[in-house]
Undergrad: 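I have a structure I would like to understand better, so I am pasting it below and will then ask my questions one at a time.
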Amino acid sequence: MSHWTCPALVLLACVLQTACDGRAANSTDTPATPIRHDAGVIEVPASSPLRGRLDVMAFQPSEISRPLNAPGAIEAAPEMRVSITPPVAGRVLRIHRVLGDEVRAGDALFTLDSAEAASARAEHAKTAAAAAQARRDFERERRLFDADVTARKDFEAARLGLASAEADARVAAAHLAQLGADRGSGRTYVLHSPISGRVVEMQGAQGGYWNDINAALMTVADLSTVWMTASVPEREV
């Protein structure tokens, strides 16, 4: 019995040894680590399977654009936008240009029936006539004075009267020019556009009475140059 037991034990030991050697060999043949982390540095080893999916190239700085959506408005440049304010009160007889119409500098915009314009014209006509009469009186007194027919005081009085009448006429003419009214007669007053552009705002209506000389009846803007204004949040500026 002891003669056959020893070989059997030796064979069993050899099988166990072979199995142990096989497990040891398999334990060392593990897959490579894809990524290694070391003190905040990420490293991809050369044997990592990720290497086949990576493109390696030199770094080049470039701008990164990010779209930003914000509400905004398109508007005319402030210096090319004119509020048309009539300097006299009156009833709107006719509107020559309406909202959206194109206008050129000097075009008529609206016509008013204005008592103030009529008063300014009458004052100008009266002072102009007075100045003309004062000049005739002065010329007559000058001829008489040169002929020793009239006294010097009458000549000096005529000269002062002429100077006063001409001053009054200049004031009346300046007032008429300030209003932008012509030197004709009547109550109609036509306001013209100071710039070329387009009517972008309109408040008055034909037949209505306009008595606020500080309010714009319409607005003309030159749209050849416009501004874009956007409401961007402060954190995005």
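We're numbering straight along the sequence, starting at 1.
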Undergrad: Assess whether a salt bridge exists between D101 and R198, defined as any Lys/Arg side-chain N lying under 4.0 Å from an Asp/Glu carboxylate O.
TA: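 Between R198 and D101 there is no salt bridge, as every charged N stays at least 4.0 Å from the carboxylate O atoms.
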Undergrad: Is it true that E156 and R159 make a salt bridge, defined as a side-chain N closer than 4.0 Å to a carboxylate O?
TA: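 A salt bridge is present here (some side-chain N lies under 4.0 Å from a carboxylate O).
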Undergrad: For a side-chain contact (heavy atoms from CB on, under 4.5 Å) check, start with the C-alpha distance between L68 and V232, then their side-chain angles and the critical distance, and finish with the verdict.
TA: CA-CA 9 Å; L68 174 64; V232 180; 3.8 Å; yes
Undergrad: Could you pull out the closest heavy-atom pair between E141 and D154, with the gap in Å?
TA: OE1-CB, 3.6 Å
Undergrad: Any link between W227 and M80 through a network of hydrophobic side chains (Ile, Leu, Val, Met, Phe, Trp, Tyr) touching at under 4.5 Å?
TA: no
Undergrad: Kindly compute the distance separating CG (D182) from NE2 (H124), expressed to the nearest 0.5 Å.
TA: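 One gets 11.0 Å once the value is rounded to the nearest 0.5 Å.
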Undergrad: Using the rule that Ile, Leu, Val, Met, Phe, Trp and Tyr join whenever any side-chain heavy atoms are under 4.5 Å apart, tell me whether I84 and L223 fall into a single cluster.
TA: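 I84 does not cluster with L223.
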Undergrad: Got V149 and R143 here, is their nearest side-chain heavy-atom distance under 4.5 Å?
TA: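 No, too far: nothing below the 4.5 Å cut-off.
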Undergrad: In Å and rounded to the nearest 0.5 Å, what is the CD to OG1 distance from E79 to T225?
TA: 8.0 Å
Undergrad: So do R187 and S114 actually touch side chain to side chain, heavy atoms under 4.5 Å?
TA: no
Undergrad: Under a 4.5 Å cut-off applied to non-hydrogen side-chain atoms, are I95 and M202 in contact?
TA: yes
Undergrad: Between A130 and A165, what is the shortest heavy-atom contact and its length?
TA: O-CB, 3.8 Å
Undergrad: Taking the side chain as everything from C-beta on, heavy atoms only, tell me whether V103 gets closer than 4.5 Å to V199.
TA: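 With C-beta onward as the side chain, the pair touches.
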Undergrad: Can you get from V92 to Y189 by hopping between Ile, Leu, Val, Met, Phe, Trp and Tyr side chains that sit under 4.5 Å apart?
TA: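 Yes; Y189 is reachable from V92 via cluster members.
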Undergrad: With a 4.5 Å limit on heavy-atom distance, are the side chains of L50 and P45 in contact?
TA: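 SC-SC contact between L50 and P45 ruled out.
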Undergrad: Could you tell me which residues satisfy side-chain contact (heavy atoms from CB on, under 4.5 Å) with I213, sequence neighbours excluded, listed by chain and number?
TA: none
Undergrad: Does S231 reach the main-chain N or O of G72 with its side chain, forming a donor-acceptor pair under 3.5 Å?
TA: no
Undergrad: Counting only heavy atoms not in N69, do more than 12 fall under 6.0 Å of its CG?
TA: no
Undergrad: What pair of heavy atoms forms the shortest contact from E236 to R66, and how long is it?
TA: OE1-NH2, 3.0 Å
Undergrad: Pick one: which of L191, T111, L109 meets side-chain contact (heavy atoms from CB on, under 4.5 Å) with H96?
TA: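 So, applying the side-chain contact (heavy atoms from CB on, under 4.5 Å) to H96 and each of L191, T111, L109, only T111 qualifies.
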Undergrad: Rounded to the nearest 0.5 Å, how far apart are CH2 of W210 and CZ of F110?
TA: 8.5 Å
Undergrad: For L112 versus P86, what's the shortest heavy-atom pair and its separation?
TA: CD1-CB, 3.8 Å
Undergrad: Just how far is it from atom CD of E123 to atom CG of D168, taken to the nearest 0.5 Å?
TA: 8.0 Å
Undergrad: Could you tell me which non-hydrogen atom of D222 sits nearest to which non-hydrogen atom of S196, and how far apart they are?
TA: CB-O, 3.7 Å
Undergrad: Would the distance check show the side chain of S164 and the main-chain N or O of G161 forming a donor-acceptor pair, the cut-off being under 3.5 Å?
TA: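 No; zero donor-acceptor contacts below 3.5 Å.
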Undergrad: How far does CZ of R121 sit from NE2 of H175, to the nearest 0.5 angstrom?
TA: 11.5 Å
Undergrad: Could you give the distance from OG (S83) to CE (M218), rounded to the nearest 0.5 Å?
TA: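 Atom-to-atom, S83:OG and M218:CE are 11.5 Å apart.
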Undergrad: Search all heavy atoms of N214 against all heavy atoms of T85 and return the closest pair with its distance.
TA: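 Heavy-atom minimum between the residues: C-CG2, 4.0 Å.
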Undergrad: Taking side chain as C-beta onward, heavy atoms only, is T219 less than 4.5 Å from R81?
TA: yes
Undergrad: Looking at D137 and R140, is any side-chain nitrogen of the basic one under 4.0 Å from a carboxylate oxygen of the acidic one?
TA: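 Here R140 pairs with D137 in a salt bridge, since their nearest N and O are under 4.0 Å apart.
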Undergrad: Just by modelled atom types, is the A115 backbone N or O under 3.5 Å from a matching donor or acceptor in the S119 side chain?
TA: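 No; zero donor-acceptor contacts below 3.5 Å.
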Undergrad: Cluster question for you: counting only ILVMFWY and a side-chain heavy-atom cut-off of under 4.5 Å, with indirect links fine, are F138 and F145 together?
TA: yes
Undergrad: Do V226 and L99 sit in the same hydrophobic cluster, where Ile, Leu, Val, Met, Phe, Trp and Tyr count as joined when their side-chain heavy atoms come under 4.5 Å apart?
TA: no
Undergrad: Hey, does L179 have a side-chain heavy atom less than 4.5 Å from the side chain of V88?
TA: yes
Undergrad: Is there side-chain contact between D113 and T188, with at least one heavy-atom pair below 4.5 Å?
TA: no
